[in-house]
Amino acid sequence: MSSDALMTFKSHIEGKNADVTICHDRIEWARSRGMSAKKLTAGFLTGGASLLATGVRSSDAGTEMIPVRSISSVVTKRDGLLFTKVVVVASGNTIEFRVPHDAAPGIKALLTDLVLGKIPAPGQASPAATAHPVPAAAPSAQASSPVEQLRQLAELRDAGILSEEEFTAKKAEILARM
C-alpha cells in the first residue's frame, strides 16, 4: 500500500477481509491469502486430502486498484444492524466496501470530495486559492464593446466562474459606463 494515504480502513469485500487505502488519485485494496472456513471444513472432513488437491492458498487473494478519475458515483446503503456498504461505481467496475455504520459517512464524503476535485493532490494549489482570480478573468472596458463584455460576463457566470452576485455587480458597472 502507498504512503500518500488519506484514509485506511478494514473492509469486507466479496466475502473476504481487505485492507483498503484511499489516496489522492486511487483506491487500493488488498485481500490476504487466508484459508476460508469452507476450505478448512472440507480439509478436516477429508482428512487433509482436499487441501493437498486444491492447495492451502485462496485464489481470491491479491490487490486491486481503481483510479479516482474513473469513479462515476459513490453510494451508501445499510447492510444489516452493524454495517453499511459504501458502493463505488467506476467505469467497468463496481466495488462494495462493507464498513461499520459510523465509518461510512466519512468514507463517502472523502471519496465524493476526491471525485469532485475538492481535495487537491500534493503539490497542487488548494481549490480556494485557484477560485478567486476572477477579476483578472473579467473583461476590461477597453478590450471590447459593452455588449461583448456582457456576453463574456454571462459566459463566466454560466461556467460557474462568477457567482450571481459578482455577475450582477460587474453588469451594473458595465451598464453604468454606457
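Owing to the predicted nature of the structure, the values given are computational and were not obtained by experimental measurement.
Taking CD1 of Ile71 as the start and OG1 of Thr112 as the end, the distance is 9.0 Å to the nearest 0.5 Å. In this structure, CG on Asn93 lies 4.5 Å from CD1 on Ile66, to the nearest 0.5 angstrom. In this structure, CG in Leu114 is found 4.5 Å from CD1 in Ile119, a value given to the nearest 0.5 Å. Between the CD atom in Glu155 and the CG atom in Asp158 there is a gap of 8.0 Å [rounded to 0.5 Å].
Phe97 is not connected to Phe83 by any chain of hydrophobic side-chain contacts under 4.5 Å among Ile, Leu, Val, Met, Phe, Trp and Tyr, and they are in different clusters. One hydrophobic cluster holds both Met7 and Val74 under the rule that ILVMFWY side chains link at heavy-atom gaps under 4.5 Å. Linking Ile, Leu, Val, Met, Phe, Trp and Tyr residues whenever their side-chain heavy atoms come within less than 4.5 Å leaves Met65 and Phe9 in two separate clusters. A continuous path of ILVMFWY side-chain contacts below 4.5 Å connects Ile107 to Val115, so both sit in one hydrophobic cluster. Hydrophobic clustering keeps Ile27 apart from Val87 (ILVMFWY residues linked when any side-chain heavy atoms are closer than 4.5 Å, directly or through intermediates).
When side chains are defined from C-beta on, Val99 does not count as touching Val20, because their heavy atoms never get closer than 4.5 Å. The side-chain heavy atoms of Val89 and Val75, taken from C-beta on, include no pair separated by under 4.5 Å. When side chains are defined from C-beta on, Lys10 counts as touching Asp19, because their heavy atoms get closer than 4.5 Å. At least one side-chain heavy atom of Phe167 sits less than 4.5 Å from a side-chain heavy atom of Leu153. Within the 4.5 Å cutoff, the side chain of Gln149 has no heavy atoms near those of the Lys170 side chain. Side chains of Arg151 and Val147 form a contact here, defined as non-hydrogen atoms less than 4.5 Å apart. Looking at Glu166 and Arg157, their side chains never come closer than 4.5 Å, going by heavy atoms from C-beta outward.
Among all heavy-atom pairs drawn from Asp4 and Arg26, the shortest one is OD1-NH2, 3.4 Å. When every heavy atom of Cys23 is checked against every heavy atom of Ala5, the shortest pair comes out as SG-CA, 4.1 Å. Contact record, Val68 with His24: CG2-O, 3.7 Å, taken as the closest heavy-atom pair.
With sequence neighbours excluded, the residues forming a salt bridge (charged side-chain N to carboxylate O under 4.0 Å, His left out) with Asp79 are Arg98, listed by chain and number.
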